[in-house]
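Report on one structure; see the data block that follows.
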Amino acid sequence: MKVQCLKGFRDYLPGEMLQKERMLSSVREVFEQHGYPPLMTPALEYAEVLTGKYGDEGEMLLYRFRDNGDRDVALRYDLTVPLARVLAEHGDIGMPFRRYQIAPVWRAEKPARGRFREFMQCDVDLIGVDSAAADAEMLVIGAAVMQRFGIESYRLRINHRGILTALCRLVGLEGATEADFLRILDKLDKIGEEKFRAEVAKIPGLDESGLDKVLEVVLCDQKDPAGVLDHIRSILGDDDLANEALDRMHSILEIVDAAGIASSCQIDPSIARGLSYYTGLVYETFLDELPQVGSVMSGGRYDDLVGMFSGKDLPAIGISLGIDRLFYALGELELLSGEKQPAQMLVVLFSDDLAPASFAAASRFRSAGIETLVYPKAAKVKKQLQFAQKSDIPYVAVIGVEESRAGTVQFRDMEAGLQEELSIEAVIEKVLAGHRSP
RNA sequence: GUGGGUGUAGCUCAGUUGGUUAGAGCGCCAGUUUGUGGUAUUGGAGGUCGAGGGUUCGAGCCCCUCCUCCCACCCCA
C-alpha cells in the first residue's frame, strides 16, 4: 500500500489550519455584519444538475461516478450552480435572497502551484435584485473584508460587461469570437500593447480599424473614476449598451463614495473576467504590495445563471474571495495571527496523585475564558516547561504538593521568565489583563 | 493536456570514473543524581537511497517504465 495523499489534494496540518480558521472567522464575521447568513449544500449533486453548466472543458473536469444506489452523481464544481438548485428546489425562499458559503469544491484539473483538485471557495451573493445599490453593496463587503484583514493598499478594479460588449462592437466582433477578444484584452497589462495587437489580429472577422479606439478606452490614464467614465463616454457614447453601463457605474460610484471606499475603487475597462456568464458589473481586486499574487477577490453580476433551474428571472450579483491566495498574501504581509496552537496556559501535571487538582484548576481557567491545556501525563517539570516553550504557550501553572495543600499555583510567565505563587483568581485576573483583547 | 526539470533520515542537503555495514547539520527521544524552559554536554532512535524492472562479479550512482513534486505554456480560483 502506498501511504500517500491523493494527487492534487492536500492535508492542512494544525499549525496552518489554526491560522486559516482564524482568517475565515474574520470573513464570516464581516459577511454576517452585512446581514448575510451562511448556506450549506451537499458535496454531491445529481450529475445532471451540474452537467452542461460549465462548457465542454468544465464537463471533463467534473468528478463523476455511480453511487452505491447506481445514481449518476458528481462532486460540486463550484458553489453557484448548487445555489441555483437550492433556489429552484425551495419554492418558498423569499427574494431578495442573500447567503454566503465557504466550502470545498472539486475539479479534476491538472494540479499546479497554488492550484488543487480540492479547494475552498468563499462566495457571497445577493439574488433577486438588479440595482446600483446591490452592485455597490458587493464592493462595500469586499472593502470591509480587506479592512478587517488590515490590508490598506489595494485596488478594486471595476468594469461593466456593457462596456466590453461595446468595445467588441468597435472591432466588429459579436458572439463567439467576443470571448476570444476579451480574454486577450484581459491580459493586456501583462503582455503589452504590441503583443496584444498581434494576438488579436488572429481572430477571424476582426476589424482592425477599431483597435485604436479600443486602446484609447482601455489605456485611459485618468485617475479620477468620474473622469474615466467621461472619457469612455466620449468614445463609446453612440452605443446604447455602453451608455446604460456608464449610467449604472456612475450611480455605483456615488454610493461607494458615500460608503468611504471610493479611494480603493478604480474604473478599469480592461477587466474582463474569464467566465462568460457575467452580464453587468465585474470586478477584481489586486494588492498593491503583492501584484504577482493576482486577483484575490472578484465577481460580478450574472443575471441569467441562477434562474436556470426555476425558469424565473433571478438577477444576481456576487463576490468570491480567493481564500488560498489571500491566506498566502496575509502571510507575506505578516497580517496573520502567527499562533502555532490555541492554548494560552499550560497546567503542569505534577504527579498522578495531583492530576485531579490540575484538572480542577484547568476547568476554572477555561471557565474564565483562558484556553488551557493540561499536560497529559506525569513528567518532570523541566520537560513540561520545555513543551510549553516549544509550543509557544505563554503561561504555565504548576500545582505541586504544597500548592495543592495551600490552594494556590506557581504561575509562570514564560516570556518574562518570572514566577510567583498566586491564588487561581489572581492568576485569572493577571492573564486576562495581560493578553490580547479579543 | 504539452514541454523541461526533480526525487538520499521528519527538514535542508553531502555521497569521489559504479566497489565493503549510506553520512552531516537541524529536528526528535533520553540522560547530565530526581520541583522549573531557551544555552551547554553525552548518548540514542530514525533511510529496502520515490516504485518496479534491466545491465554488471557488484548499482544511491548507468539504462527503461511508472509515480511524485517543481518550473513554463494552456486554463483558471
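Convention: sequence-line order gives letters A, B, ...; per-chain numbering from 1.
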Check your understanding: P atom, B:rA72 versus B:rC67: distance in rounded Å?
Key -> 22 Å

Review point. Rounding to the closest angstrom, what is the interatomic distance between B:rG3 and B:rG47 at atom C1'?
Key: 34 Å

Practice item. Looking at every strand, decide which applies to A:Gly417 at a 4.0 Å heavy-atom threshold: base, sugar-phosphate, or nothing. Key: base

Exercise for review: Pick the C1' atom in B:rU8 and in B:rA59, then give their distance to the nearest Å.
Suggested key: 14 Å

Check your understanding: For A:Phe327 and B:rA77, what is the distance between atoms CZ and C1' respectively, to the nearest whole Å?
Key -> 17 Å

Review point. Is the closest side-chain donor-acceptor distance between A:Glu421 and A:Thr408 under 3.5 Å?
Key: yes

Review point. What integer number of Å spans the C1' atoms of B:rC76 and B:rG18?
Key: 47 Å

Check your understanding: Expressed in angstrom and rounded to an integer, what is the separation of A:Asp392 atom CG from B:rG38 atom P?
Key -> 15 Å

Check your understanding: Looking at residues 141-155 of chain A, who's got a heavy atom less than 4.0 Å off RNA chain B?
Key -> none

Study note, to complete from the structure: For RNA chain B, the expected dot-bracket line (Watson-Crick or G-U under 3.5 Å, [ ] crossing, | inter-strand) is (((((.(..((((.....[...)))).(((((.......))))).....(((((..]....)))))).)))))....

Revision key, fill the gap. In B/S/- notation (B base, S sugar-phosphate only, - none; protein heavy atoms under 4.0 Å), nucleotides 28-36 of chain B written 5' to 3' is SSSSB--BB

Point to revise | Salt-bridge contact A:Lys430-A:Glu420 (side-chain N to carboxylate O under 4.0 Å) | key: yes

Study note, to complete from the structure: Separation between CG (A:Leu185) and CG (A:Leu164), nearest 0.5 Å, reads 6.5 Å

Exercise for review: Take atom CZ of A:Arg325 and atom P of B:rC76, then tell me their distance rounded to the nearest Å.
Suggested key: 12 Å

Study note, to complete from the structure: RNA chain B nearest-nucleotide lookup for A:Arg115 and A:Leu418: closer to the 5′ end is A:Leu418

Practice item. Assess the side chains of A:Glu403 and A:Gln410: does a donor N or O sit below 3.5 Å from an acceptor N or O? Key: yes

Check your understanding: Can you tell me how far C1' in B:rU39 sits from the matching atom in B:rA45, rounded to whole Å?
Key -> 24 Å

Review point. Which whole number of Å gives the distance between the P atom of B:rC61 and that of B:rU21?
Key: 15 Å

Practice item. For the side chain of A:Arg183, starting at C-beta, report the closest nucleotide among B:rG1, B:rG38, B:rC75. Key: B:rC75

Exercise for review: Determine the interatomic distance between C1' on B:rC62 and the same-named atom on B:rU56; round to the nearest Å.
Suggested key: 10 Å

Review point. Nearest of B:rC69, B:rG37, B:rU2 to any side-chain atom of A:Lys7?
Key: B:rC69

Practice item. Tell me yes or no: between the side chains of A:Glu289 and A:Ser153, is some donor less than 3.5 Å from an acceptor? Key: yes

Exercise for review: State which residues pass side-chain contact (heavy atoms from CB on, under 4.5 Å) with A:Tyr328; sequence neighbours excluded, sorted by chain then number.
Suggested key: A:Val293, A:Glu332

Practice item. Mind telling me whether A:Tyr100 and A:Phe31 have parallel, tilted or perpendicular rings, with 30° and 60° as the class edges? Key: tilted

Practice item. If a pair satisfies ring-ring contact (aromatic ring centres under 6.0 Å, His included) and one of its residues is in residues 133-157 of chain A, list it, with sequence neighbours excluded. Key: none

Point to revise | Check against salt bridge (charged side-chain N to carboxylate O under 4.0 Å, His left out), A:Asp125 and A:Arg301 | key: CA-CA 10 Å; A:Asp125 293 271; A:Arg301 174 162 289 286; over 6 Å; no

Point to revise | Per A:Gln389 side chain, nearest of listed nucleotides B:rA77, B:rG1, B:rG38 | key: B:rG38

**Study point:** Spacing between A:Met297 atom CE and B:rA77 atom C1', to the nearest angstrom
**Key:** 14 Å

Exercise for review: Answer yes or no: is there a side-chain heavy-atom contact under 4.5 Å between A:Arg66 and A:Asp72?
Suggested key: yes

Exercise for review: Could you tell me the separation between the NZ atom of A:Lys340 and the P atom of B:rG27, rounded to a whole number of Å?
Suggested key: 12 Å

Practice item. Hey, could you give me each pair passing salt bridge (Lys or Arg N to Asp or Glu O under 4.0 Å) that has a residue in residues 383-400 of chain A? Not counting sequence neighbours. Key: A:Lys340-A:Asp392

Study note, to complete from the structure: note: A:Leu13, atom CG; B:rC11, atom P; distance rounded to Å ~ 12 Å

Check your understanding: Do the non-hydrogen side-chain atoms of A:Met345 and A:Val396 ever get within less than 4.5 Å of each other?
Key -> no

Review point. To the nearest angstrom, how far is A:Tyr302 atom OH from B:rA77 atom P?
Key: 13 Å

Review point. Does a donor on one side chain and an acceptor on the other come within less than 3.5 Å for A:Tyr63 and A:Glu118?
Key: no

Practice item. For B:rU6 and B:rG15, measure between their P atoms and round to the nearest Å. Key: 15 Å

Study note, to complete from the structure: When A:Lys110 and A:Gly322 are each assigned the nearest nucleotide of RNA chain B, the 5'-most assignment goes to A:Lys110

Check your understanding: Within the modelled atom types, does a donor on one side and an acceptor on the other bring the side chain of A:Arg107 and the base of B:rC76 under 3.5 Å apart?
Key -> no

Practice item. For A:Phe116, answer base if it contacts any base atom (sugar-phosphate contacts may also be present), sugar-phosphate if it contacts only those atoms, and nothing otherwise; contact means non-hydrogen atoms under 4.0 Å. Key: base

Review point. Between B:rA77 atom P and A:Glu109 atom CD, what is the distance in whole Å?
Key: 9 Å

